[in-house]
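Protein chains get the first letters and strands the later ones, always in sequence-line order, with residue 1 at the start of each.
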4 protein chains.
Amino acid sequence: MTITQHGREQKQLNKLYEDFDAMGLIPLWTIRDDLMPMSPCPQALPHLWRWADLLPLAERSGELVPVGHGCARRAIALSNPGLPGLPYATPNLWAAIHYLAPHEVAPAHRHSQSAFRFVIEGESVWTNVDGDAVAMRRGDLLLAPSWTYHEHHNTTDRPMTWIDGLDIPLVSRLDASFFEFGLDTLATCETPKRSRGERLWGHPGLRPIGQPDRSSSPLMAYRWEHTDAALTAQLELEAEGASSVIEPGHAGVRFSNPSTGKDSLLTIRTEMHRLLEGARTAPVKTVGSAVWQVFEGTGVATVGDRRFELSRGDLFVVPSWDELVLEAGDRLDLFRFSDEPVYEALGLADTYRGKSA
Amino acid sequence: MTITQHGREQKQLNKLYEDFDAMGLIPLWTIRDDLMPMSPCPQALPHLWRWADLLPLAERSGELVPVGHGCARRAIALSNPGLPGLPYATPNLWAAIHYLAPHEVAPAHRHSQSAFRFVIEGESVWTNVDGDAVAMRRGDLLLAPSWTYHEHHNTTDRPMTWIDGLDIPLVSRLDASFFEFGLDTLATCETPKRSRGERLWGHPGLRPIGQPDRSSSPLMAYRWEHTDAALTAQLELEAEGASSVIEPGHAGVRFSNPSTGKDSLLTIRTEMHRLLEGARTAPVKTVGSAVWQVFEGTGVATVGDRRFELSRGDLFVVPSWDELVLEAGDRLDLFRFSDEPVYEALGLADTYRGKSA
Amino acid sequence: MTITQHGREQKQLNKLYEDFDAMGLIPLWTIRDDLMPMSPCPQALPHLWRWADLLPLAERSGELVPVGHGCARRAIALSNPGLPGLPYATPNLWAAIHYLAPHEVAPAHRHSQSAFRFVIEGESVWTNVDGDAVAMRRGDLLLAPSWTYHEHHNTTDRPMTWIDGLDIPLVSRLDASFFEFGLDTLATCETPKRSRGERLWGHPGLRPIGQPDRSSSPLMAYRWEHTDAALTAQLELEAEGASSVIEPGHAGVRFSNPSTGKDSLLTIRTEMHRLLEGARTAPVKTVGSAVWQVFEGTGVATVGDRRFELSRGDLFVVPSWDELVLEAGDRLDLFRFSDEPVYEALGLADTYRGKSA
Amino acid sequence: MTITQHGREQKQLNKLYEDFDAMGLIPLWTIRDDLMPMSPCPQALPHLWRWADLLPLAERSGELVPVGHGCARRAIALSNPGLPGLPYATPNLWAAIHYLAPHEVAPAHRHSQSAFRFVIEGESVWTNVDGDAVAMRRGDLLLAPSWTYHEHHNTTDRPMTWIDGLDIPLVSRLDASFFEFGLDTLATCETPKRSRGERLWGHPGLRPIGQPDRSSSPLMAYRWEHTDAALTAQLELEAEGASSVIEPGHAGVRFSNPSTGKDSLLTIRTEMHRLLEGARTAPVKTVGSAVWQVFEGTGVATVGDRRFELSRGDLFVVPSWDELVLEAGDRLDLFRFSDEPVYEALGLADTYRGKSA
């Protein structure tokens with residue numbers, strides 16, 4: 001090709017790209033390689049937020065920012081450093097620290113997003129879910145499934161803090177958000193120990209006759225005493241010689257929908273893990289992202305090339321396909337939530353388990 | 001037609017029927033009307049067996065008939081008077097009173113038939129299911145799902161009696177029986193309060209991570225304390241103004257497979273019902289048959305045109321599409337098992353609910 | 001034990017059995033061994049009915065027995081010699097030869113039983129299914145799913161014969177029969193080549209938008225030209241080097257519900273098999289029973305210890321767990337129907353495939 | 001509050017926000033309203049691309065840009081004007097015009113993304129899917145399900161153009177991409193009329209015995225002659241008095257997986273619609289996005305507040321919850337693909353149908 005030919009061709013090419021641009025077209029061969037990578041290359045990064053940092057900020061917000069319809073929820077979202085400016089812990093998951101001052105009310109609303117709360121400390125708040133008053137106590141998982149009205153009220157002189165988990169980023173990217181405000185007055189001021197849902201559905205293997213299957217759990221609360229008993233039993237069984245539930249020294253329960261046995265929420269998996277003192281997990285890579293919170297104990301999490309020292313309340317993020325290894329200092333209890341049900345529903349789930357060290 | 005013609009034709013017809021018979025044929029127009037009735041016309045009849053009659057007979061068997069491989073189970077089957085000579089409580093369901101004398105062992109076997117035991121009184125026996133020792137106590141439901149090895153041993157000086165429920169008639173008519181004897185020695189002599197299955201799966205809404213779904217329940221025991229608590233809660237909720245679970249004054253739980261939310265066994269539904277003193281159920285007709293046993297209390301069951309006075313331990317049968325009405329004298333607790341999962345799986349289920357009196 | 005003691009005990013035992021009998025009880029240890037056999041021991045026997053015998057009998061019935069409301073269907077049922085007196089080809093399946101004389105009408109009815117017709121010869125009849133006129137031609141499978149109104153009318157001067165298959169024995173034993181007569185006048189006298197159902201649903205992989213899933217097929221006719229083409233293609237692919245669909249020289253299609261991919265009827269599996277000249281199948285044992293009909297060709301079927309020479313139209317029965325081997329003389333096309341969906345739905349299905357000879 | 005107090009508080013608030021920022025936190029009350037809108041507010045916009053513009057650009061690319069491993073696919077992506085700089089037709093869907101010059105080969109690869117091609121004109125190319133050669137002809141839908149190897153080769157002297165549809169944006173946002181290159185040589189150079197998959201699975205209501213269910217369709221091609229016949233039949237049935245499949249004058253088929261009856265791909269719905277001359281659809285709003293292409297005919301599409309005149313080959317986008325009305329000039333055939341299976345799998349699907357004008 002002569003220089004002139006080459007120059008003419010280059011001109012034609014330039015004109016072609018101008019025309020693409022004018023027509024709202026992008027040719028595949030000019031797109032950067034990360035459109036379809038060989039394996040997941042998430043923008044989200046492994047990251048740790050320390051409870052010792054979060055809690056004082058939540059408390060200061062409690063003093064300075066009133067709750068109400070302008071600020072319906074005093075929730076402070078974890079923003080993944082790989083997703084700058086976005087209030088997203090991971091590409092699909094919202095995680096926030098929530099603070100409710102004494103006698104405050106977070107008014108009712110409902111939305112297509114699925115939500116839960118997990119409680120690290122305190123026990124002053126009731127969350128009303130479709131009119132059912134649900135106590136919140138340390139170690140409990142509380143649900144507000146898609147399109148259920150929910151509101152929170154603190155009936156005591158003590159503030160309370162917990163974490164909220166939702167699928168806000170997922171639903172936002174899917175353009176599937178529906179939202180409605182509820183009434184200004186509380187659906188109920190009752191403060192029972194157990195919610196109606198628990199009284200109906202919270203009996204092992206028993207379901208009320210005539211109640212149809214639900215897409216999300218009919219159980220709005222999973223109590224710590226049951227979770228703790230289940231984890232204790234798994235490790236006792238292992239000590240008695242039974243095979244491990246997950247791996248040696250590593251127990252785990254999944255919070256499930258008793259009407260179907262599936263995940264408690266359609267889009268979010270929720271689990272509690274326990275590692276015995278000194279236990280170390282085999283490396284695992286999972287398609288989809290997860291947020292972990294230390295419920296009790298100390299240890300180390302290695303996520304990809306990051307190493308996080310863990311203390312009570314600390315939250316960390318595991319992006320898609322980043323390798324995770326957990327090591328317990330003393331006994332380590334961890335709450336985990338992830339978006340795996342999304343991948344399973346779409347045929348995109350995959351997990352790689354490496355060998356133990 | 002002349003008489004001669006008519007006679008010739010009759011001859012030809014007679015010859016035709018002879019030829020049908022010789023060829024192994026039966027013409028539809030000679031078959032009695034009950035081949036395809038307008039609605040179910042079961043041969044099985046409503047019937048009541050009194051515990052006061054059954055228990056002494058079981059005890060006399062205990063003295064006279066040794067248990068062992070010749071008589072692997074000292075089980076005495078209810079034989080429906082409409083199915084004479086057959087050891088079938090209903091066309092699909094086997095129900096038997098089972099008696100195990102002090103220190104006796106009913107040796108291990110397994111079969112494609114699904115089985116459960118329900119305990120009216122006593123607590124001296126452990127049933128080992130695939131090597132997991134399961135205590136049997138009053139009010140408990142114990143499972144031996146299809147193809148699980150099971151054996152029973154009485155570790156005490158007291159005899160024990162319970163009822164067995166199986167799908168023997170169904171599997172027999174379906175020509176689907178497989179059976180294997182187990183070892184002569186007990187898989188385990190342990191007598192724990194809670195089985196391993198309960199310790200893994202017996203926590204409300206919690207499932208061990210990594211355990212796949214099972215077609216039958218992984219929970220081999222449903223304890224009375226949970227069943228009782230669930231029924232109590234349902235009636236308390238109703239008293240507080242919530243809508244009834246079944247109907248006013250009538251609570252009920254279904255024993256379910258926590259890995260799927262479905263029936264605990266693939267072919268047999270198991271439930272516990274509670275009627276408040278004086279409650280009366282609306283008339284119900286169901287395709288498929290059921291066996292009921294009074295766990296506690298007194299009352300009256302009207303099944304079709306039969307009326308049964310009920311006392312503790314009494315068993316009665318409701319054939320397909322026969323109308324059932326229950327009336328509680330004092331508070332009435334009833335265990336029920338039925339073959340409804342079969343009909344639901346085959347698209348043949350139907351229920352008619354009449355108005356309350 | 002002294003003789004006296006022994007005698008006393010025997011007396012007590014006799015009294016015990018009398019009391020059992022009086023109370024409607026049958027002790028397990030007196031029941032013959034076939035209650036729970038080690039593997040299925042069906043009463044039904046392998047049997048062959050020759051088309052050369054059946055067709056003349058059907059024709060004679062056509063002359064002697066009028067069709068109408070007294071004899072709604074001129075159907076002559078195969079009666080398995082192991083089930084004497086019962087019009088059952090197998091414990092779950094009804095099979096009958098059906099004859100409709102010129103210009104006759106078999107009036108409308110519907111029932112909970114599922115039904116199909118398979119046509120060996122002729123093409124003079126339309127079956128109206130819920131008002132949709134469905135032509136019947138050689139090689140076609142026609143459905144009348146549970147609770148659809150159906151009627152047959154012969155619009156020509158030629159009689160027509162086909163076989164009916166239903167789940168009458170199953171539904172009868174399950175006490176689940178519901179039946180209703182339809183109108184005395186035909187829903188439609190139209191005689192189109194293709195039914196409305198075929199025009200909507202009979203396009204490969206295409207479903208009409210907005211039509212919900214159906215428990216039984218929405219397609220009332222499966223035409224021979226498609227079945228033949230599918231079998232031909234399977235064997236051509238095998239000849240081109242692709243792996244066999246069933247085994248070398250043995251092709252097969254299952255008639256399926258295009259809205260779910262499952263069996264065309266909830267309780268009955270329907271299939272067409274083709275064996276190349278000289279092909280021989282590996283021995284197979286299946287839980288559940290089947291009826292086969294030779295559509296075309298000759299060969300030999302060995303069922304358990306019976307050996308049947310096969311000609312066009314012949315029908316034979318394979319009881320549960322009896323071993324089947326097929327050998328083709330010239331090319332052999334076989335229609336098969338079975339009750340396997342029942343066993344799959346109830347977790348009782350099993351198949352054993354032996355090695356080829 | 002005094003001015004001093006107010007100033008002090010403002011300072012504290014500023015400090016709080018600085019600390020949030022430093023800690024990687026974003027408070028809910030500072031987030032713009034569109035995080036959880038009252039109903040979907042997609043960034044994507046309704047847009048039309050004219051075939052008359054696209055085709056010449058594709059042809060110029062064919063002359064200027066060689067295909068090969070640097071440019072594995074000469075695909076030019078539609079870039080939604082509401083998603084500037086991104087090669088996404090909608091937030092979940094990739095749509096591109098694909099051009100293959102005479103005798104060119106687009107080499108093999110596979111990926112977790114699901115893909116299809118739809119052909120507006122031409123018939124010179126075969127796509128090999130896991131080694132099965134699939135002809136591409138006008139009106140055909142061709143699949144390359146997740147993780148199947150696929151390559152395209154043009155065996156003629158004529159170029160060919162078609163559109164590609166994939167779930168690239170969805171899988172990218174979900175960080176679930178896996179990708180592998182295949183061999184450099186063609187898996188097969190055969191150019192059969194019908195692929196092996198069609199020969200096995202392309203018979204209405206018939207499935208090969210022994211083939212398990214597949215998560216994506218085993219049928220890699222849906223031929224225009226069947227699609228056209230199905231649409232024609234629907235409108236003929238309507239003309240004969242049957243109820244409309246979608247609405248008066250509006251027929252439609254969904255391309256489905258014959259092994260399950262579900263969508264042909266796990267994440268993408270594919271459909272063909274036909275509107276009679278002058279027909280007008282009722283307004284519809286759907287959660288999730290769709291891309292439509294005019295296969296034949298003229299008309300008008302109103303999407304939200306945009307009005308698009310339609311000609312053969314034109315592509316337009318309907319964002320989530322934007323109202324769509326279609327009006328046919330002459331008879332209008334439209335191909336449609338959407339991400340609705342994603343929303344149905346996650347419990348987020350919803351549709352609003354307005355009244356016809």
Practice prompt. Write out all pairs satisfying side chain to side chain donor-acceptor pair (under 3.5 Å) with one or both partners inside residues 16-26 of chain A, taking only residues at least two apart or from two chains.
Written response: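 Non-adjacent pairs meeting side chain to side chain donor-acceptor pair (under 3.5 Å): A:Lys15-A:Asp19, A:Tyr17-A:Trp29, A:Asp19-D:Arg60.
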I need the residue from [options] with the largest number of non-hydrogen atom pairs under 4.5 Å to chain D.
options                             : value
A:Gly288, A:Gly24, A:Ala345         : A:Gly24
A:Met23, A:Glu63, A:Glu180, A:His47 : A:Met23
A:Leu78, A:Ile168, A:Leu174         : A:Leu174
A:Thr90, A:Val342, A:Val65          : A:Val65
A:Pro81, A:Ala176, A:Gly85          : A:Ala176

For [X], is it the side chain, the backbone, both, or neither that has a heavy atom closer than 4.5 Å to a heavy atom of chain D?
X        : value
A:Trp147 : neither
A:Gln113 : side chain
A:Ser289 : neither
A:Tyr99  : neither
A:Pro37  : both
A:Leu86  : backbone
A:Ala75  : both
A:Ser39  : both

As an exercise, state the distance from [atom1] of [X] to [atom2] of [Y], rounded to the nearest 0.5 Å.
X        : Y        : atom1 : atom2 : answer
A:Ser177 : D:Leu348 : OG    : CG    : 10.0 Å
A:Leu166 : D:Leu35  : CG    : CG    : 9.5 Å
A:Arg173 : D:Arg173 : CZ    : CZ    : 5.5 Å
A:Asp175 : D:Gln43  : CG    : CD    : 7.5 Å
A:Asp53  : D:Phe20  : CG    : CZ    : 12.5 Å

Heavy-atom pairs under 4.5 Å with chain A, option from [options] with the top count:
options                                : answer
D:Ala96, D:Ser61, D:Gly347, D:Ser172   : D:Ser61
D:Asp339, D:Val171, D:Leu57            : D:Leu57
D:Leu266, D:Leu346, D:Thr267, D:Val287 : D:Leu346

Item to complete: Please report the shortest heavy-atom distance between A:Pro87 and D:Ile26, naming the atom on each side.
Response: N-CD1, 3.7 Å
Discussion item. To check you understand the geometry: which heavy-atom pair defines the closest contact between A:Met36 and D:Phe179, and what is its length?
Written reply: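 Reported closest heavy-atom pair: O-CB, 3.7 Å.
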Item to complete: Check whether D:Leu25 gets within reach of chain A through its side chain, its backbone, both or neither, counting any heavy atom under 4.5 Å.
Response: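 The answer is both parts of D:Leu25.
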